[in-house]
Amino acid sequence: MVAFENLPEMTEAEVSAHAEKNSLWCIIDGIVYDLTKFADEHPGGDQVLLEQAGRDATEPFNDVGHSADAKEMAREYAVGRLKTTGEKAAPAQSSKVAGSSCSASFKDIMTSPTWTNFLIPTAVGILVFVLYKGVQRLL
């Protein structure tokens, strides 16, 4: 397992030089990842990664709602830490996986893939079923 603290520091300019399929790097939460070998295996396809190649992909990565397993898997592709400049410090992670803390906000919980992809649609389905059965009894 990679310890982020031991990775070399890299600038955004260094990362931006790796914005092609044969050298595809991205920054996520202040950590630089070499995703060149992973691009063909990415479940969303390599095009998704190529759109973010050579730049900070933190927001798109988090917006998709990657699982804790995906975040843990990404660790093996870490090659560096984004060099921080005075006022704009990147949120470098420790060896802890992002999103694994117990103090998740309500918004994080409600927008997690578990809620949005399974529990909410299931609850809506149950509600529709109950209402349908109630209307059938009235008729």
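Throughout, residue positions are numbered sequentially from 1 according to the sequence presented.
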Legend entry - Among Arg55, Gln52, Glu12, the one residue meeting side chain to side chain contact (heavy atoms under 4.5 Å, CB included) with Ile27: Glu12

Inset, instruction - Decide yes or no for Leu24 and Leu50: does some side-chain heavy atom of the first lie under 4.5 Å from some side-chain heavy atom of the second? - result: yes

Inset, instruction - To the nearest 0.5 Å, tell me how far Phe129 CZ sits from Leu131 CG. - result: 11.0 Å

Inset, instruction - State, yes or no, whether a side-chain contact exists between Leu35 and Tyr77 at a heavy-atom distance under 4.5 Å. - result: yes

Legend entry - Interatomic spacing from OG1 in Thr58 to CG in Asp63 - rounded to 0.5 Å: 10.5 Å

Legend entry - Flag if over 12 foreign heavy atoms under 6.0 Å of CD, Gln136: yes

Legend entry - Validation row: Val79, Met10 side chains within 4.5 angstrom (heavy atoms): yes

Legend entry - Salt bridge Lys21-Asp40, side-chain N to carboxylate O under 4.0 Å: yes

Inset, instruction - Could you state whether Met73 and Ile28 fall into the same hydrophobic cluster, counting links through intermediate Ile, Leu, Val, Met, Phe, Trp or Tyr residues with side-chain heavy atoms under 4.5 angstrom apart? - result: yes

Legend entry - Shortest non-hydrogen separation from Ser16 to Ala19 and the atoms involved: O-CB, 3.7 Å

Legend entry - Ser67 and Asp69: side chain donor to acceptor below 3.5 Å: no

Inset, instruction - State whether the side chain of Arg81 and the backbone N or O of Leu7 hold a donor-acceptor pair below 3.5 Å, judged by distance alone. - result: yes

Legend entry - Spatial distance of atom CG (Asp56) from atom SG (Cys26) [nearest 0.5 Å]: 9.0 Å

Inset, instruction - Keeping the roles fixed (side chain from His42, backbone from Leu49), state whether a donor-acceptor pair exists under 3.5 Å. - result: no

Legend entry - Aromatic ring pairing Phe4/Tyr33, orientation class (parallel under 30°, perpendicular over 60°, tilted between): perpendicular

Legend entry - Aromatic ring pairing His18/Trp25, orientation class (parallel under 30°, perpendicular over 60°, tilted between): parallel

